[in-house]
Asker: 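Quick one: this structure, given as structure tokens, is what I'll be asking you about.
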Amino acid sequence: MSDLALSNDLFFTRTGLDPDKAARTVADALQGCDDGEAFFEYEASEYLTRDDGVLKSASFNVHAGFGLRAVAGELTAYAHAGELTDGALARAAETVKAVAGGYGGTLAVSPARTNSQLYVPENPLDTLPFAQKVALLGEIEDYARAADPLVKQVSVSMSGSWQVVQILRPDGTRYADIRPLVRMDVSVTLDRGGRIETGHEGWGARAGYELFTDPARWQGAVKEAVRQAHVQLEAIAAPAGEMDVVLGPGWPGVMLHEAVGHGLEGDFHRKGTSVFNDMLGKKVASEHVSVVDDGTIEGRRGSITIDDEGTPSQRNVLIENGILVGLMQDRLNARLMGVAPTGNGRRESYAHKPMPRMTNTFMLSGPATPADIISSVKRGIYAPHFGGGQVDITSGQFVFSAAEAYLIEDGKLGAPVKGATLIGKGADALTRVRMVGNDMALDHGVGTCGKDGQGVPVGVGQPTVWMNGITVGGTDA
């Protein structure tokens, strides 16, 4: 069954909502508007977690509904409902007509269709019986407890969702997408003489639960979590001050995502609130830096066949050899800025309006080997894993904590350090890149991006990167 046929079955055949009447209602509601659509969504999701030998929670949720958007100039009228009925859609139509009434715009052309399919459409929740899911969590916990005599606590969780969407344009054009998403997390706490440290490893993708059943994969995740905890047990206090910082490949790209990526979303530029305003075509980073947002990578957590307005996802070059060459756009901001949409119009659910959002955002590889980079640093910090962080999107000011870090002394890795935080501004940090490694990697598929109260799955990544003169906050002054 095709994506469109399956979505028709969920939103019309099973609900009684008449597809032809819905098309007429949407067309009438958006008469005279510049843009808009009805966004229908069905999502089934589950979450299981096992902690200290007990299945602590097992939840299952289904939600379905629609959002109707009318765009008139810069004004957006939006109404949504958690029921799929002709009456609910008609009431939403009256609401948006009242807000956007009297406007005389020209309806934007509908997005071009895509023939790509970036993920298998089957429902991951159906790929493994519930009893096997519970047994798998227990097997992973037992393995983790036997992995090291210092293990004090183990927590294992798995989650999955199956989202079906259909977008109905006022000209009658329909788009559909079926998006699976799964994730597993393992957390292991060690206790050595009263010193307690925790390691964590997670992974996920737009796939089914078969991603989790391979023992080699989850055993490797357990070993990695135990390894991280042992590193923390040996860690000394982190130094403080301005110094060179080398970021490892993969997940540390979250700093690029937060401190730089948001500033390259079109709405911040249109409103004049991005630190990169009026910088298109200008140098914003070291010549070693090239940054891409790519929603077309098969099976990745941040990938989308189409965005939540129907625009096909694409590979967007944002920074090329230090020059700002592109932004991420939804349809509204693209129209107001006189540029093309880039497939970055995303929303958390039918209850939310779309806005420009990242997909998989990463820095491209450079020519240096990681070993050459480390050997070039006289004194600094190497941070292969990040923890939490805070970013002011408008200014790009960031504070990120390193979940794992090491001293670099005379070109060699030294002792692990604990409590290191990186402080700076995203735009400034990019200008401080001195070497870029040849080992670009994406994260393991666990990223979620928040913006204006909405969360969407994303991917991040980068190669090994050396930045000079970064402020490091530590506990050893």
Side-chain angles (χ1 to χ4, degrees), residues 1-44 62-73 75-114 121 123 162-179 304-312 330-332 335 341 345-354:
M1 183 181 292
S2 70
D3 288 3
L4 188 58
L6 181 54
S7 65
N8 277 334
D9 180 60
L10 283 171
F11 300 127
F12 301 110
T13 305
R14 301 188 191 185
T15 64
L17 182 65
D18 182 81
D20 295 329
K21 187 174 183 179
R24 292 193 298 270
T25 300
V26 171
D28 178 66
L30 304 187
Q31 183 70 34
C33 291
D34 290 315
D35 207 350
E37 72 286 308
F39 178 86
F40 299 91
E41 180 194 22
Y42 172 94
E43 184 179 63
V62 173
H63 73 248
F66 71 89
L68 181 62
R69 180 178 66 146
V71 179
L75 173 69
T76 297
Y78 198 74
H80 63 88
E83 60 175 291
L84 294 168
T85 64
D86 291 332
L89 186 58
R91 290 190 294 273
E94 292 302 316
T95 299
V96 300
K97 285 171 65 176
V99 175
Y103 184 82
T106 300
L107 185 65
V109 176
S110 294
R113 293 190 179 277
T114 176
N123 187 345
W162 188 64
Q163 183 194 39
V164 181
V165 303
Q166 184 173 141
I167 299 159
L168 173 56
R169 296 273 304 160
D171 63 2
T173 308
R174 296 175 185 270
Y175 309 82
D177 198 16
I178 300 175
R179 303 164 178 167
I304 44 176
T305 300
I306 57 173
D307 71 7
D308 294 325
E309 300 176 305
T311 305
D330 64 351
R331 288 176 61 87
L332 184 152
R335 176 176 54 81
R346 306 187 67 189
R347 63 183 103 197
E348 180 178 319
S349 75
Y350 69 84
H352 302 85
K353 294 180 289 185

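What you see is a predicted model; the values in this text were computed from it and never measured.
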Asker: Do any N or O atoms from the side chain of R169 and from the backbone of R174 form a donor-acceptor pair under 3.5 angstrom?
Answerer: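 Flag not set: sc R169 to bb R174 has no pair under 3.5 Å.
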Asker: Taking all non-hydrogen atoms of both residues, which atom of A44 and which atom of V62 are closest, and how far apart?
Answerer: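 That would be CB-CG2, 4.0 Å.
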Asker: Could you tell me the separation between the CD1 atom of I304 and the OG1 atom of T114, rounded to the nearest 0.5 Å?
Answerer: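 With rounding to 0.5 Å, CD1 (I304) is 11.5 Å from OG1 (T114).
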Asker: Quick one: does W162's side chain have a donor or acceptor within less than 3.5 Å of a partner on I178's backbone?
Answerer: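 No; judged by distance alone, with no hydrogens or angles, the pair does not exist.
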Asker: As an exercise, state the distance from CD of E94 to CG of L89, rounded to the nearest 0.5 Å.
Answerer: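 The CG atom of L89 is 10.5 Å from CD of E94, to the nearest 0.5 Å.
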Asker: Judged by atom type as modelled, is there a donor-acceptor pair below 3.5 Å linking the side chain of Y103 to the main-chain atoms of L75?
Answerer: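 No, the answer is negative, given that no donor and acceptor are paired below the 3.5 Å cut-off.
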Asker: Taking 4.0 angstrom as the limit, do D307 and R331 come out as a salt bridge?
Answerer: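 No.
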Asker: For S349 and H63, which heavy atoms make the closest approach, and how far apart are they?
Answerer: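 Nearest pair, atom of S349 first, then H63: CB-NE2, 4.5 Å.
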Asker: What closest approach, in Å, do V26 and A38 show between heavy atoms, and which atom pair accounts for it?
Answerer: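 Taking V26 first and A38 second, the nearest heavy atoms are CG2-CB, 3.7 Å.
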Asker: Is the shortest side-chain N to carboxylate O distance from R179 to D308 below 4.0 Å?
Answerer: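 Salt bridge: yes.
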Asker: Determine the minimum heavy-atom distance between I167 and G310, stating which atoms define it.
Answerer: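 Shortest heavy-atom contact: CD1-N, 3.3 Å.
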Asker: Specify whether F40 and F66 have parallel, tilted or perpendicular ring planes, treating 30° as the upper limit for parallel and 60° as the lower limit for perpendicular.
Answerer: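 Answer is tilted, since the angle falls between 30° and 60°.
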Asker: Can you tell me how far apart OG1 (T25) and CG (L30) are? Round to the nearest 0.5 Å.
Answerer: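 If we round to the nearest 0.5 Å, T25:OG1 and L30:CG are 10.5 Å apart.
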Asker: What is the distance from atom CG of L17 to atom CG of N8, rounded to the nearest 0.5 Å?
Answerer: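 The distance works out to 10.5 Å.
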Asker: Any side-chain heavy-atom pair from R14 and Y42 closer than 4.5 angstrom?
Answerer: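 Contact flag for R14/Y42 side chains = no.
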Asker: Quick one: closest heavy-atom pair of L84 and T15, and the distance?
Answerer: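 That would be O-CB, 3.6 Å.
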Asker: Enter the distance from Y78:OH to Y350:OH here, rounded to the nearest 0.5 Å.
Answerer: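 Here the interatomic distance stands at 9.5 Å.
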Asker: Tell me which one of D35, T311, D171 satisfies side-chain hydrogen bond (donor to acceptor under 3.5 Å, both in side chains) with S110.
Answerer: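 One option only clears the test, and that one is D171.
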Asker: Inspect the surroundings of CD in E43 and state if more than 12 heavy atoms from other residues, nucleotides or ligands are less than 6.0 Å away.
Answerer: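 Enclosed: over 12 neighbouring heavy atoms sit under 6.0 Å from CD of E43.
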Asker: So, taking the atom named CG in D3 and the one named CD1 in I306, what distance separates them when rounded to the nearest 0.5 Å?
Answerer: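 Spacing of CG (D3) from CD1 (I306) equals 8.5 Å.
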Asker: Run the salt-bridge test on R347 and E41 with the 4.0 Å N-O cut-off and return the result as yes or no.
Answerer: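 No.
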Asker: At their closest point, which heavy atom of V96 faces which heavy atom of A70, and how far apart are they?
Answerer: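 The answer is CB-CB, 4.0 Å.
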Asker: Could you tell me whether the side chain of Q166 reaches within less than 4.5 Å of the side chain of L4, counting heavy atoms only?
Answerer: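 Counting from C-beta outward, L4 and Q166 do come under 4.5 Å.
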Asker: Taking side chain as C-beta onward, heavy atoms only, is L107 less than 4.5 Å from P170?
Answerer: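 In short, these two side chains touch, coming nearer than 4.5 Å.
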Asker: Check step by step if salt bridge (Lys or Arg N to Asp or Glu O under 4.0 Å) holds for E309 and R335.
Answerer: CA-CA 13 Å; E309 300 176 305; R335 176 176 54 81; over 6 Å; no
